[in-house]
K.L.:
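One structure follows; several queries about it will come next.
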Amino acid sequence: MTTISFINMKGGVGKTTSVVEIAALLVKEHRKKVLVIDLDPQTNATLSFITLDQWEKIKDTATIADVLGMNRGSSSREEDFDINDAIISNAGGIKNLDLIPSHLELTFLDLDLGPVPARESVLKNQLDKANLQYDFILIDCPPNLTLAPQNALIISDYIIVPVVPEIFPAIGLPLLVNRVRKWKKSFRDCNVEFLGIIFTKVDRRYTIHAEQMDALRRKKIIHCFSTVIPQNTQVSKAVAQSKPATIVFPHCSGVESYRNLVKEIIRKIEE
Ligand SMILES: Nc1ncnc2c1ncn2[C@@H]1O[C@H](COP(=O)(O)OP(=O)(O)OP(=O)(O)O)[C@@H](O)[C@H]1O
Ligand SMILES: [Mg+2]
């Protein structure tokens, strides 16, 4: 089982889109069994697989907030909750793609888990109890490094960093690398490594994009995947149908690129 967290402190860089499309492609074109965990209170990954109506039905009883034992007025803590109860099998009708949906309450995770010992390991403990069988677990994280991403990092083999190649990522990346390095020192059983940067929303007409990609490739702070994801409106339109673009627009340029990227990711993991 390979677990990958999608992390960047910067918002709107394609973390969620990458999780959703890569998950769909691993399942549809590589016959993998994949679990997507939505750890972002914005619930964007969740709503890329299920409709708002479907989410409304389970939001109070079976989301990541329950898995993490958030104090939401109910008496149960996470020890009493079975993670299997939060897993939506074949999410969006996609066979072998399962989802643990998110909840807006996750915004208050740091407050709620403040006094809990080993609060970075709550998700790990839940997964250890359940012994789930997947080829991949992909985790969508919010744009920060607070408790939710920390719970993701501790169980992850790899971090993938989606980056829009503008000026600011170049500043944020060393910060991210240093933070993760420091953080790993305090959690000895965490072996997470950076797998690579995905350049997203790339517009070939902008010289700044080409320049920034070049600069980041040369700096070698983190490996950069050679496949680049172009700016492509169809990728962002699929969510209106609560489905990955891989299902709705399988031949749009964004999906074609994610298709190549997935092959590259698999190769890199097998290296
Ligand atoms: N390749 C692309 N081409 C065009 N639009 C894109 C592309 N990738 C993502 N988008 C759009 O850009 C917006 C931000 O993308 P996304 O939600 O994946 O980023 P994010 O990093 O998860 O953001 P946040 O930090 O807020 O969670 C969304 O509206 C999404 O549909
Ligand atoms: Mg997101």
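Indexing begins at 1, ligand by ligand and atom by atom, following the structure's order.
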K.L.:
Could you find the nearest protein heavy atom to atom 23 (O) of ligand 1 and give me its residue, atom name and distance?
P.N.:
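Of every protein heavy atom, Gly12 N, 2.9 Å lies nearest to atom 23 (O) of ligand 1.
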K.L.:
Less than 3.5 Å apart, any donor N or O on the side chain of Thr146 or Asn144 sitting next to an acceptor on the other?
P.N.:
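The criterion, which ignores hydrogens and geometry beyond distance, is satisfied for Asn144 and Thr146.
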K.L.:
Could you tell me whether Arg119 and Asp110 make a salt bridge, using a distance below 4.0 angstrom between a side-chain N and a carboxylate O?
P.N.:
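Asp110 and Arg119: not salt-bridged.
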K.L.:
Do protein heavy atoms approach atom 29 (O) of ligand 1 to less than 4.0 Å?
P.N.:
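No, because not a single protein heavy atom sits under 4.0 Å from atom 29 (O) of ligand 1.
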K.L.:
Looking only at distance, does Thr17 have an N or O less than 3.5 Å from an N or O of ligand 1?
P.N.:
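Min N/O separation from ligand 1 is below 3.5 Å for Thr17.
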K.L.:
Taking distance alone, with no angle check, do Asp140 and ligand 1 share an N/O pair under 3.5 Å?
P.N.:
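No.
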K.L.:
Is there a path of hydrophobic side-chain contacts, each under 4.5 Å between heavy atoms, that joins Phe199 and Leu261?
P.N.:
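No, separate clusters.
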K.L.:
Would you mind checking which non-hydrogen protein atom is closest to atom 25 (O) of ligand 1, with the distance to 0.1 Å?
P.N.:
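Of every protein heavy atom, Lys15 NZ, 2.8 Å lies nearest to atom 25 (O) of ligand 1.
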K.L.:
What residue and atom, counting heavy atoms only, is the protein's closest point to atom 6 (C) of ligand 1, and at what distance?
P.N.:
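Here the nearest protein heavy atom works out to Lys201 CE, 3.7 Å.
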K.L.:
Numbering the atoms of ligand 1 from 1, which are under 4.0 Å from a heavy atom of Gly11?
P.N.:
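Those atoms are 25 (O).
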K.L.:
Looking only at distances, can you tell me whether any N or O atom of Pro230, backbone or side chain, sits closer than 3.5 Å to an N or O atom of ligand 1?
P.N.:
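The answer is yes, given that Pro230 and ligand 1 share an N or O pair closer than 3.5 Å.
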K.L.:
Say whether Thr46 and Asp38, considering side chains only, have a donor N or O and an acceptor N or O under 3.5 Å apart.
P.N.:
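Yes, a side-chain donor-acceptor pair sits under 3.5 Å.
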K.L.:
For residues Ser102 and Thr43, is any side-chain donor paired with an opposing acceptor at under 3.5 Å?
P.N.:
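Absent: no donor and acceptor within the cut-off.
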K.L.:
Checking contacts here: is it the side chain or the backbone of Thr200 that comes within 4.0 Å of ligand 1, counting heavy atoms only? Could be both or neither.
P.N.:
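It is neither; nothing of Thr200 touches ligand 1.
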K.L.:
Does ligand 1 come near enough to Gly14 that some N or O of the ligand is less than 3.5 Å from an N or O of the residue?
P.N.:
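Looking only at distances, the answer is yes, because the N/O contact criterion of under 3.5 Å is met.
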K.L.:
Tell me the protein heavy atom at minimum distance from atom 17 (O) of ligand 1, and give that distance in Å.
P.N.:
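Closest protein heavy atom to atom 17 (O) of ligand 1: Thr16 CB, 4.0 Å.
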K.L.:
Which atoms of ligand 1 are found less than 4.0 Å from any heavy atom of Asp40?
P.N.:
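What qualifies from ligand 1 is 27 (O).
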K.L.:
Has the side chain of Asp157 got a donor or acceptor atom that lies under 3.5 Å from a matching backbone atom of Thr3?
P.N.:
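Checked: pair present.
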K.L.:
With a cut-off of 4.0 Å, which atoms of ligand 1 are near a heavy atom of Ile229?
P.N.:
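Ligand 1 atoms under the 4.0 Å threshold to Ile229: 1 (N).
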K.L.:
Looking only at distances, can you tell me whether any N or O atom of Thr233, backbone or side chain, sits closer than 3.5 Å to an N or O atom of ligand 1?
P.N.:
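No - when backbone and side-chain N and O of Thr233 are compared with those of ligand 1, no distance drops under 3.5 Å.
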K.L.:
Within a distance under 4.0 Å of any heavy atom of Asn232, pick out the atoms of ligand 1 and give their elements.
P.N.:
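The list of qualifying atoms is 2 (C), 3 (N), 4 (C).
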K.L.:
Can you name the atoms of ligand 1, numbered from 1 with element, that are less than 4.0 Å from a heavy atom of Pro143?
P.N.:
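Counting from 1, the qualifying ligand atoms are 25 (O).
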K.L.:
Counting non-hydrogen protein atoms only, what is the nearest one to atom 31 (O) of ligand 1? Give residue, atom name and distance.
P.N.:
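I find the closest protein heavy atom is Ser236 CB, 2.9 Å.
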K.L.:
Applying ring pair (Phe, Tyr, Trp, His ring centres under 6.0 Å) to Phe249 and His251, what does each step give before you reach the verdict?
P.N.:
CA-CA 6 Å; Phe249 308 112; His251 301 296; over 10 Å; no
K.L.:
Answer yes when Glu271 and Lys268 have at least one side-chain N-carboxylate O distance shorter than 4.0 Å, and no when they do not.
P.N.:
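Lys268 and Glu271: salt-bridged.
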K.L.:
Among protein heavy atoms, which sits nearest to atom 26 (O) of ligand 1, and what does the distance come to when rounded to 0.1 Å?
P.N.:
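Scanning the protein heavy atoms, the shortest distance from atom 26 (O) of ligand 1 goes to Gln42 NE2, 3.2 Å.
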K.L.:
Look at Thr16 and state whether any of its N, O or S atoms is less than 2.8 Å from the Mg ion (ligand 2).
P.N.:
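It does: Thr16 brings an N, O or S atom closer than 2.8 Å to the Mg ion (ligand 2).
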K.L.:
Are any of the side-chain nitrogens in Glu166 or Lys10 under 4.0 Å away from the carboxylate oxygens of its partner?
P.N.:
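Looking at Glu166 and Lys10, the cut-off is not met.
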K.L.:
If we only count heavy atoms from C-beta on, is the Val13 to Lys15 side-chain gap below 4.5 Å?
P.N.:
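A side-chain contact under 4.5 Å exists here.
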K.L.:
Which atoms of ligand 1 are found less than 4.0 Å from any heavy atom of Val13?
P.N.:
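Answer for ligand 1: 19 (O), 20 (P), 21 (O).
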K.L.:
Using modelled atom types only, decide if a donor and an acceptor are shared between the side chain of Glu21 and the backbone of Tyr258 within a distance under 3.5 Å.
P.N.:
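No, because the side chain of Glu21 does not come within donor-acceptor range (under 3.5 Å) of the backbone of Tyr258.
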K.L.:
When you check the side-chain N and O atoms of Gln54 and Lys57, is any donor under 3.5 Å from an acceptor?
P.N.:
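Looking only at side-chain atoms, Lys57 and Gln54 do not form any donor-acceptor pair under 3.5 Å.
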